[in-house]
Novice: 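Attaching a single structure in structure tokens format; questions to follow.
Proteins come first, then strands; the chains are lettered A, B, ... in the order of their sequence lines, and each starts at number 1. The shown structure was predicted, so the numbers you read here are calculated from the model rather than taken from an experiment.
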Amino acid sequence: MIPTTREAPADAEMPSHIYLVRAGYIRRVGAGIYNYLPLAWRSLRKISQIVREEMDAAGASELLMPTLEPIELFAGTKRDVDYGDLLFRVEDRHGRLAALGPTHEEVITDLMAGALTSYKQFPLNLYQIQTKFRDEARPRAGLLRCREFIMKDAYSFHLDLDGDAGLNATYDKMYQAYTNIFRRCGLDFSAVEAEAGPIGGSASHEFMVNCVNGEDTILVCPASGYAANVEKAEIGEREWTWDHAATEPVKKHHTPNMPGIEGVAEHLGVTPAQMLKSIVMRTTGKDPRWVVAVVRGDHEVNEGKVRDAVGAPVELAPEAEARKAGFAIGYVSPRMIDRVELTMVVDPDAVNGSAWATGSDEKDHHDTGFNWQRDLSAAIDAGKVTVAGIRNAEAGDPSPRAAGSLLEARRGIEVGHIFKLGTKYSDAMGLSVLDKSQQKRSVIMGCYGIGVSRTLAACVEMSHDDHGIVMPPAIAPYHIHIVTIKPEEDGTLDRARALAAELAARGLDVLIDDRDERPGPKFKDADLVGIPVRLTVSPKSLAEGAAEFKLRADAGKGDLVPLSEVVDKAESAILERMMP
RNA sequence: CAGGGCGUAGCUCAGCUUGGUAGAGCGCGUGGUUUGGGACCACGAGGUCGCAGGUUCAAAUCCUGUCGCCCUGACCA
């Protein structure tokens, strides 16, 4: 059951999607739902096996939790609301609601609340490899963003941050285990600092497979090795001063239906970098306050950084309410600080300049010639304007870790993510134990995920050529692909089978193509499927007492190797390329 | 959710504007010729044209509704 096709399916665009389908690894069932055919399943089992070995070696224990999670569990942490439409909901015959598990923090915290009885049991680290469900707004790219996918998730439990039994020690162990896992899989990856995200928590790292097609951007400092994702990446020190004398008068322009930076810049004859982007936000929770974040027109506001600068969580202001408060959404300028009670934070790069283009605080109008010192001196002198780094980092920004060094941008696919959760779930769900001194203490948690099925796709994304997939030996469905030519002649098929048996006796996984096909399709299929070593057995090669040996990663036709040596050669080729 | 697009044979698609016998290539089956990088000839099987209404003598084609899918964005362990 390796249904290869000559043509790519109409819905596939990315190489991993195209090749996994064409090479007969997967077939689509519905949007974001796939059959894992035998080839894919073999690879997934190999990835899972590596994950198990490293997790077990790091002291974790495997268990299996249910897919179906009663909705009440989510209500405890309000994640039924936080997750929103991302949560798959099902209703049973009694009208009771349940969710198809997108992750299992609630289930395991609930489990632990009933099973953890003493501080003496710490630390604990439990994991499972399971099918997860997320009702993605837009599933895409084959196995990369599915509604149903295979994930390894682990949860650790502690009473302290430090010490042998503490969260930090387990977190570090998981970091090392993840490094081992992805190295053993043969992936080119980076571990980067990340925002904790809606799952909550304090510290986290993402493991990204490096490839040009990646969905995520990461920034790295070549000098210090610092690496972080866009949301998290810090920017080095930037010089700034309000002291820029005005060079132009403020002039108002009619800019009908142009709320976007690009269109306005073109209309005004300036570049986006000469404009100010003023984003209206507000603090979340009770008694929200208005916050206006100002960045240069070509930059993007980073919500997390605004939060840090303001000292409170913020969100994009709902448009209707902002309008009611007097903000001309799409045409806002920093001068709103004189008209509305608000907190203003300006990015350093939006300070340096003598004549900015900005909104006019009036629908369909923009100004040119805005000058901070001249036009906003009262607020600035009163100390009402904060300057802080509040934008996403970009390639070319100064490194936060090495003076003089510049950040570089790379693309990646997230395959692993580790978090320090803290007590968010244990507090919400009443997971606590008595410590040595009879004090009731909330349990501190960590959680650690790996997208198993996504790892397969990321691997193909990282490792393919114009002919198909180039599988790393450790997770290839088979190690050796024996292609028979004219299998019915001169006992060729029997000789190929004997060779396969010898290889299998060495513990190698062998796929033998004994189809009654012409050589062309067989070679094409072999390239497509991407097994690391190809051995071609034909009457011609057998006449010389040899088989043709070729690595998938190498070009050309390969070399004739005597049958007496080919088993050793194939075995060592595989072993050499398996990471310890 | 917004914008755009697509549902016709297992796959990739044409046919629809202008209503009138259901098409091609690939794949599949049989026979033959072939046999080291997706061969050739002959014959053949295979389709409720996504679904439901409507208009019409007549609907793949026109109208309405509905479902599914894809792309860009928003969103995203």
Novice: Looking across every strand, which nucleic acid part, if any, lies under 4.0 Å from A:P102 by heavy atom: base, sugar-phosphate, or nothing?
Specialist: nothing
Novice: With a non-hydrogen cut-off below 4.0 angstrom, is A:E548 in contact with a base, only sugar-phosphate, or nothing?
Specialist: base
Novice: Nearest-Å distance, OH (A:Y34) to P (B:C69)?
Specialist: 11 Å
Novice: Between atom CG in A:L86 and atom P in B:C75, what is the gap in whole Å?
Specialist: 13 Å
Novice: Just compare B:C75, B:G38, B:C69 and give me whichever is closest to any side-chain atom of A:R22.
Specialist: B:G38
Novice: Are any of A:R138's side-chain N or O atoms less than 4.0 Å away from OP1 or OP2 of B:U72?
Specialist: yes
Novice: Rounded to the nearest Å, what distance is computed from the CD atom of residue A:E136 to the P atom of nucleotide B:C75?
Specialist: 13 Å
Novice: Are A:R518 and B:A39 close enough that a side-chain N or O sits under 4.0 Å from OP1 or OP2?
Specialist: yes
Novice: Measure from NZ or CZ of A:K132 to the centre of the six-membered ring of A:F149 and say whether it is under 6.0 Å with the direction within 45° of the ring axis.
Specialist: no
Novice: From the list B:U35, B:A77, B:C26, which nucleotide is the closest neighbour of the side chain of A:M151?
Specialist: B:A77
Novice: Quick one: look up who B:C16 pairs with, Watson-Crick or G-U, both distances under 3.5 Å, and put none if it's unpaired.
Specialist: none
Novice: As a test of reading the structure: which of B:C28, B:C71, B:C76 is closest to the side chain of A:E517, going by heavy atoms?
Specialist: B:C28
Novice: Kindly say whether the aromatic ring centers of A:H417 and A:F419 come within a distance under 6.0 Å.
Specialist: yes
Novice: Given atom NE2 of A:H481 and atom C1' of B:G37, what is their separation to the nearest angstrom?
Specialist: 14 Å
Novice: For the residue pair A:Y155 and A:H104, is the inter-centroid distance of their aromatic rings smaller than 6.0 Å?
Specialist: no
Novice: Pairing check on B:A2: which nucleotide meets the Watson-Crick or G-U wobble criteria with it, both distances under 3.5 Å?
Specialist: B:U72
Novice: How many Å lie between CZ on A:R140 and C1' on B:C75, as a whole number?
Specialist: 9 Å
Novice: Rounded off to whole Å, could you give me the CE-to-P distance for the A:M208 and B:A77 pair?
Specialist: 12 Å
Novice: Answer yes or no: does atom CZ of A:R411 have more than 12 heavy-atom neighbours from other residues, nucleotides or ligands under 6.0 Å?
Specialist: yes
